[in-house]
2 protein chains.
Amino acid sequence: MVRKRLDDSHCAVARALNEVGDWWSLMIVLQAMYGVRRFSDFQQALGIAKNILCDRLARLVEHQVLAKVAVGEQGSRHEYRLTPKGRDLFTVVVALRQWSDRWHPDSRSPGMHDRAEGQPLQELYVSSSDGRRLDVRDVILQPADARKDTA
Amino acid sequence: MVRKRLDDSHCAVARALNEVGDWWSLMIVLQAMYGVRRFSDFQQALGIAKNILCDRLARLVEHQVLAKVAVGEQGSRHEYRLTPKGRDLFTVVVALRQWSDRWHPDSRSPGMHDRAEGQPLQELYVSSSDGRRLDVRDVILQPADARKDTA
DNA sequence: GCGATTCAGTTGCGTTTTGCAACCATAGGC
DNA sequence: GCCTATGGTTGCAAAACGCAACTGAATCGC
């Protein structure tokens, strides 16, 4: 999907959504963060149709969120691994997950823990350069305009 | 869109994506954060078809991300305003935007500034309870499983 | 070496979602 | 009453999606 209409958009969020903004793409990235690397494992974990998975993996590789790495004896098998850019989506995933947990308390999410200490993670929040916690209304956002014919 | 398949998923990210995980929904929320409230203004700002906009707004209202507020003389006109839950997506939007800015340096995003001080915002990052900055690999993520037949 | 199996796709086809445009319905101006 | 603006709804074509069946290469069993 992703109707590439806003490819040329100057809006950073629009461009981000162009790369990982459809349902499956972020779920694939999430699975990759869980350690999934093989085509068939993604397929099983997500219950996604193979053609869609193919398409999404290709798109994620194209956008350098994943890298397709040949593996195995004659390079016949391969894996999809997160690139640094892909790993950097971690913040986004954590933000989404924390949002979900805050507003769907019924969720029995196992929670995320620091590997070293076993402690839960801190909640993400937007803060100013001097450390004050900020709400949307405390921030000046300039549209940067979603359409090309900005005006 | 959003094939409600994973509605019953225990995966927090999946449920979040169910509510705001399609292309337009997050763009609408973003516009709302910019201060857009009226149907026609969303339509103009995004260049979205009216039926889709209708559908997305209704879904966002249903999920309590936006609230439809009657306004004007006889309540004929109305506005869509962010609820607290919607405003709380700010972290997600900022995370996405910062990610995009980091990996698309060509982007001339005007940047986001603290209204009080005029300073740019801090970069979001995931941190442990004792403040160490964490990468994906420093965190224990439990799948919580994307499929219902969890096992 | 030969068939069976696994993995990673691709192809076909029918269903669902999009997106565009054109059409209602109500309110207000004049 | 006629015109415009706002906020939708409807119809239809095109694209995306999901399923299942098929391909093609590599590996396994023997």
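Note that the coordinates shown come from a computational prediction; the quantities given were computed from them, not determined experimentally. In what follows, chains are A, B, ... by sequence order, proteins preceding strands, each numbered from 1.
In this structure, the CD atom of A:Glu79 is 12 Å from the P atom of C:dG9, given to the nearest Å. Rounded to an integer number of Å, the gap from B:Ile48 CD1 to C:dT17 P is 16 Å. One atom, CG of A:Asp55, and another, P of C:dG12, lie 17 Å apart when rounded to the nearest Å. For the pair A:Asp22 CG and D:dA15 C1', the interatomic distance rounds to 14 Å; values are reported in whole Å. If you measure from atom CG of A:Leu46 to atom C1' of D:dG18, you get 14 Å, rounded to the nearest angstrom. Taking atom CD of B:Gln44 as the reference point, atom C1' of D:dA5 lies 12 Å away to the nearest angstrom. One atom, CZ of A:Phe42, and another, C1' of C:dC7, lie 14 Å apart when rounded to the nearest Å. Rounded to a whole Å, the CD1 atom of B:Ile52 is 9 Å from the P atom of C:dC20.
Remark: A:Glu123 pairs with A:Arg102 by the salt bridge (Lys or Arg N to Asp or Glu O under 4.0 Å) rule, at least two apart or across chains. The salt bridge (Lys or Arg N to Asp or Glu O under 4.0 Å) search around A:Arg132 returns A:Asp130, B:Asp114, not counting sequence neighbours.
Geometrically, A:Arg133 engages A:Tyr125 in a cation-pi contact, judged by NZ or CZ lying under 6.0 Å from the ring centre and within 45° of the ring axis.
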Under 3.5 Å, N/O pairs linking protein and nucleotides 8-12 of chain D:
{"unit_1": "D:dG8", "atom_1": "OP1", "unit_2": "B:Lys68", "atom_2": "NZ", "d": "3.0"}
{"unit_1": "D:dG8", "atom_1": "OP1", "unit_2": "B:His78", "atom_2": "NE2", "d": "3.3"}
{"unit_1": "D:dG8", "atom_1": "OP2", "unit_2": "B:His78", "atom_2": "NE2", "d": "3.1"}
{"unit_1": "D:dG8", "atom_1": "OP2", "unit_2": "B:Tyr80", "atom_2": "OH", "d": "2.6"}
{"unit_1": "D:dG8", "atom_1": "N7", "unit_2": "B:Lys50", "atom_2": "NZ", "d": "3.0"}
{"unit_1": "D:dG8", "atom_1": "O6", "unit_2": "B:Lys50", "atom_2": "NZ", "d": "2.5"}
{"unit_1": "D:dG11", "atom_1": "O6", "unit_2": "B:Asn51", "atom_2": "ND2", "d": "3.4"}

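In terms of phosphate contacts, B:Trp23 brings no side-chain nitrogen or oxygen within less than 4.0 Å of OP1 or OP2 of C:dG19.
Looking at A:Asp22 and B:Trp23, their side chains never bring a donor and an acceptor atom within 3.5 Å of each other.
Between B:Arg56 and B:Ile28 there is a side-chain heavy-atom pair separated by less than 4.5 Å.
The side chain of B:Arg38 approaches D:dG7 more closely than any other nucleotide in the set C:dG19, D:dG7, C:dC7.
Annotation for A:Arg38 and A:His78: closest pair CD-O, 4.2 Å, computed over non-hydrogen atoms.
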